[in-house]
2 protein chains.
Amino acid sequence: MVSIVSVAKVAGVSNKTVSRVINGEPYVTEETRERVEKAIRDLGYVPNMAARLIRSSRSNTFGIITDYVSTTPYSVDIVRGVQDWANANGKTILMANTGGASEREAEIWKMFQSHRIDGVLYVTMFHRIVDPETGDVSIPTVMINCTPQTNELLPSIVPDDYQGAQDLTRYLLDRGHRKIGYIRLNPILLGAQLRLDAFRKTAGDFGLAESDLSIRLGMEGPVGAEKNYVYAVATEMLQQKDRPTAIMSGNDEMTIQIYIAAMALGLRIPEDVSIVGFDDFRTVSLALKPQLTTAALPYYDLGREGAELLNSVVAGSKAPPSSRVVPCKLVERTSVCSL
Amino acid sequence: MVSIVSVAKVAGVSNKTVSRVINGEPYVTEETRERVEKAIRDLGYVPNMAARLIRSSRSNTFGIITDYVSTTPYSVDIVRGVQDWANANGKTILMANTGGASEREAEIWKMFQSHRIDGVLYVTMFHRIVDPETGDVSIPTVMINCTPQTNELLPSIVPDDYQGAQDLTRYLLDRGHRKIGYIRLNPILLGAQLRLDAFRKTAGDFGLAESDLSIRLGMEGPVGAEKNYVYAVATEMLQQKDRPTAIMSGNDEMTIQIYIAAMALGLRIPEDVSIVGFDDFRTVSLALKPQLTTAALPYYDLGREGAELLNSVVAGSKAPPSSRVVPCKLVERTSVCSL
DNA sequence: GAAAAATATGTCGACGTTGTCATGCGTCTG
DNA sequence: CAGACGCATGACAACGTCGACATATTTTTC
């Protein structure tokens, strides 16, 4: 492999001078610089990060540790956000996922440490409460899409599920809906509770009675093996004689079943029932006809800002580890009508 | 940072002996080994991969370079397959994605080289033909889900779209369907052509005339900004007086619109129309009612086997760079009825 | 025009690890 | 009991890079 030494030999300078050119340090004649750069090009020299790291003990690398990248195609955008930031800032990304197994988690932290990474982004694929199992490895960490259980005060950055659901509820109320059904997400997920709370509170503040709200559980059970009642629940809800004029769904994926249930009963969307989702999972929200009005989870921004935040932590900013909350934008499409 | 030297000091041995213990080399007394292991535990020592790398010039790291991890939640399973393999075999994964920009691609190859990674997995999110822009960086490479344009003879590993579509078509024919509609995937994707070819050939071999087949384009245009005709095309197809008894869809995502189109026309699935998809994109195929019969893209296996293959290439196996094809398994659910 | 300052380049060692070779000691062989 | 062998350990150099410091050359300053 071609090293700094071979470049130096070809350019007829010392290796230190080559190092200076590579790192853009001052005190190199234009002429020398050009000769060195030519040698670098000719030889196809690429600096060796590993050597740089043992010298300077800064790896310029972040690690991402995730639970279920895969079983859930939802939140890949978080990873993309991180990668784009990394790319723009000359950082490298090391990736690992636990598949939910906590014994693997400790291994991964060890692996990260063996690469002397500068910081860790701890990403969960659903908004939830967790406890990183670092196995006494301590590396600057930012949590994305999750908050720590014990108050170990790791900074975290999460979507504002509450505000998103609030906006969606108001949106329906503003359009005259007074009987609203709600099909709940798996209660395991933190977002589920926040969204439901916002729905209840907003509807209540507006003056709706609890009896105007038809709240039902759509899913439950462990992530990846949950029981799904959505179709049955939606069918039942829509067969009530005093049926809701709008249904709010725990997430977009569940709306597929709500759409089908409604259509099977001969109801038109949105004329007979309005439907809103949550997440803006575009594979679904754009494929449905009419297209789905929903609240977009700011996954990409979560990733980007998380990386940014981690960077400032690594750089030693003493900002108290706080929980940042990123708003969910309401995306208006055509699945809701005004009454 | 605690290094091998500090461990040696505490254990009262030379650093080489510590190295021997770490690497499980022979010729260390049981007693010495224990003393060293204790010191390692006490100090929380973790070997420094970077140092190991400059010594041995083997990084035990693979890079993954992808085009659109993100915009498409489809193929994250490939990445999961790779990661699981890596985890089981003590390799580390460096990730980068181009977002489709080829100027970024060259940068990424350079970055990979600067980390002296052992090999690259070049992954595309759709089965297609590409040309890696390595920018004269040469690292052992395996292509996953894509095949090289120029015959540079990089080994590749791809799903068997042809066989999958063949199985699906036979499945319909076996159940008595003789008028079959086909809504095509974006022709940009290699899989689109293969799937269509298999459909045509299999139906033809069975004795169906071209007039029994109703083949229509469902999508076209650049990835991420395609035009989508599926709903309109499906509606039209199902309104023909001699309408097909079954529709085969380019992929699962498109079936959402086919379902809705059918239901809007008052048709029941599968009694009035049978529908099959492709991919087994479970967010969709399991959410639909009735659940979708489809062919599963072997993404996880693609990742796993791709990593395996790369490993053997890196190890210097002289196996001629061939294209391996992994079968798509038919997943039978309830969206098809027998006539 | 001599001293001081600025610029340009080089020498050397250190980072943490492992490969090579050397050494010391006990045991076996004939 | 001498030589050969096997085992356990250590000394030292080298990998590629860069920081600290030294030296050489040019420019500025009074």
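Remember, it's a predicted structure, so these values are computed and weren't measured experimentally.
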Quiz item: OP1 or OP2 of D/dT23 less than 4.0 angstrom from a side-chain nitrogen or oxygen of A/Y27, does that happen here?
Solution: no
Practice problem: Quickly work out the B/E25 CD to C/dT20 P distance and round it to whole Å. | Solution: 11 Å
Quiz item: Taking CD1 from B/I4 and C1' from D/dA14, how many angstroms apart are they, rounded to a whole number?
Solution: 15 Å
Quiz item: If you pin B/P26 and A/A51 to their nearest nucleotides in DNA chain D, which one's is more 5'?
Solution: B/P26
Quiz item: Counting any heavy atom closer than 4.0 Å, what does A/P47 reach on the DNA or RNA strands: base, sugar-phosphate only, or nothing?
Solution: sugar-phosphate
Quiz item: OP1, OP2 of D/dC18 versus side-chain N and O of A/N23: anything below 4.0 Å?
Solution: yes
Exercise. Show your working on salt bridge (Lys or Arg N to Asp or Glu O under 4.0 Å) between A/R104 and B/D84 and close with a plain yes or no.
Key: CA-CA 11 Å; A/R104 215 148 99 178; B/D84 282 359; 3.0 Å; yes
Quiz item: How many Å lie between CD1 on A/I22 and P on D/dG19, as a whole number?
Solution: 12 Å
Quiz item: Is there a donor-acceptor contact under 3.5 Å linking the side chains of A/D67 and A/T98?
Solution: no
Practice problem: Just call it for B/S19: base, sugar-phosphate, or nothing, with non-hydrogen atoms closer than 4.0 Å on any strand. | Solution: base
Quiz item: Atom CZ of B/R33 to atom P of D/dA8: distance rounded to whole Å?
Solution: 9 Å
Quiz item: Between the side chains of B/H115 and B/T61, is a donor N or O closer than 3.5 angstrom to an acceptor N or O?
Solution: no
Exercise. For D/dT9, take OP1 and OP2 only and decide whether either is under 4.0 Å from a side-chain N or O of B/S14.
Key: no
Self-check item: Spacing of A/K16 atom NZ relative to D/dC21 atom C1', expressed in whole Å
Solution: 11 Å
Quiz item: Base, sugar-phosphate alone, or nothing: which one does A/S3 contact when heavy atoms must sit under 4.0 Å apart?
Solution: sugar-phosphate
Exercise. Kindly give the heavy-atom pair with the smallest separation between B/T124 and B/I78, and that separation in Å.
Key: O-CD1, 4.2 Å
Quiz item: Base, sugar-phosphate, or nothing: which does B/T32 touch, judged by heavy atoms less than 4.0 Å apart?
Solution: sugar-phosphate
Quiz item: How close or far is atom C1' of C/dT18 from atom CG of B/N15, stated in whole angstroms?
Solution: 10 Å
Quiz item: Checking only heavy atoms, does the side chain of A/R20 share a donor-acceptor pair with the base of C/dG10 at less than 3.5 Å?
Solution: yes
Self-check item: For atom CZ of B/R52 and atom P of C/dT18, their distance in whole Å
Solution: 4 Å
Quiz item: Looking at B/T29, does any N or O in its side chain come under 4.0 Å of the phosphate oxygens OP1/OP2 on D/dT9?
Solution: yes
Self-check item: Any A/R116 side-chain heavy atom under 4.5 Å of A/S57 side chain
Solution: no
Practice problem: Tell me what A/R55 touches on the nucleic acid: a base, only sugar-phosphate, or nothing, going by heavy atoms under 4.0 Å. | Solution: base
Quiz item: Just how far, in rounded Å, is C1' of D/dC15 from CG of A/N48?
Solution: 9 Å
